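What follows is a single structure, written as structure tokens, with notes after it.
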Amino acid sequence: MQWPHLYNTDIISMPDKWEYPWYAAWDLAFHCVVLAHVDPEFAKHQLRLMVREWYMHPNGQLPAYEWSFSDVNPPVHAWAALQVFGIDGGRDIEFLERIFHKLSLNFTWWVNRKD
């Protein structure tokens with residue numbers, strides 16, 4: 001699968017620049033849950049970023065990691081979005097509304113790929 005639309009120019013959270021100097025979209029979802037305890041807005045921004053059109057493939061796939069964008073990872077971003085929503089107090093309905101459609105596309109892609 002080709003990723004001609006991928007445009008990596010954003011600041012993406014990584015746990016360690018020395019031992020972990022790449023992004024992995026699946027790991028980022030888990031990191032956002034932890035980050036939400038410190039900065040929920042930043043965590044929501046990171047989750048929204050991965051579903052933007054310059055990262056998410058038109059078919060709904062999220063880039064796996066820098067050395068193999070097309071690897072298949074479970075759709076954990078929906079779980080992470082719900083966790084971040086709760087950690088932030090469960091009031092930011094707009095966040096869920098903004099991310100829901102893209103996460104639905106990602107889940108549909110994954111189910112059709114793995115089912």
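Quick note: numbers below take in every heavy atom, side chains included, and nothing from hydrogens, waters or symmetry partners. Just so it is clear, the model here is predicted, and its values are computed rather than measured.
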Do the side chains of [X] and [Y] join up, straight or via other hydrophobic residues, at under 4.5 Å, putting them in one cluster?
| X | Y | value |
| --- | --- | --- |
| Ile93 | Phe95 | yes |
| Leu49 | Leu35 | no |
| Phe100 | Trp109 | no |
| Ile87 | Val76 | yes |
| Phe69 | Tyr55 | yes |

As a quick check of understanding, evaluate ring-ring contact (aromatic ring centres under 6.0 Å, His included) for Trp54 and His5, giving each step before the final call. CA-CA 6 Å; Trp54 54 88; His5 67 284; over 10 Å; no
With a 4.5 Å heavy-atom cut-off, do [X] and [Y] have their side chains touching?
| X | Y | answer |
| --- | --- | --- |
| Asn106 | Lys102 | no |
| Ile99 | Leu103 | yes |
| His77 | Phe107 | no |
| Leu47 | Phe42 | no |
| Leu62 | Asn73 | no |

Under the 3.5 angstrom rule, does the side chain of Gln61 hit a backbone N or O of Met56 as a donor-acceptor pair? no
Please give me the minimum heavy-atom distance between Val84 and Cys32, naming the atom from each residue. CG2-O, 3.6 Å
Which heavy atom in Ala80 sits nearest to a heavy atom in Ala29, and how many Å separate them? CB-O, 3.3 Å
Any pair with a residue in residues 41-65 that passes salt bridge (Lys or Arg N to Asp or Glu O under 4.0 Å), sequence neighbours left out, goes on the list, sorted by first then second residue, please. Glu41-Lys44, Lys44-Asp88, Lys44-Asp92
Residue set satisfying side chain to side chain donor-acceptor pair (under 3.5 Å) with Trp79, at least two apart, ordered chain then number -> none
Here the gap from Phe85 atom CZ to Glu94 atom CD, rounded to the nearest 0.5 Å, amounts to 12.0 Å
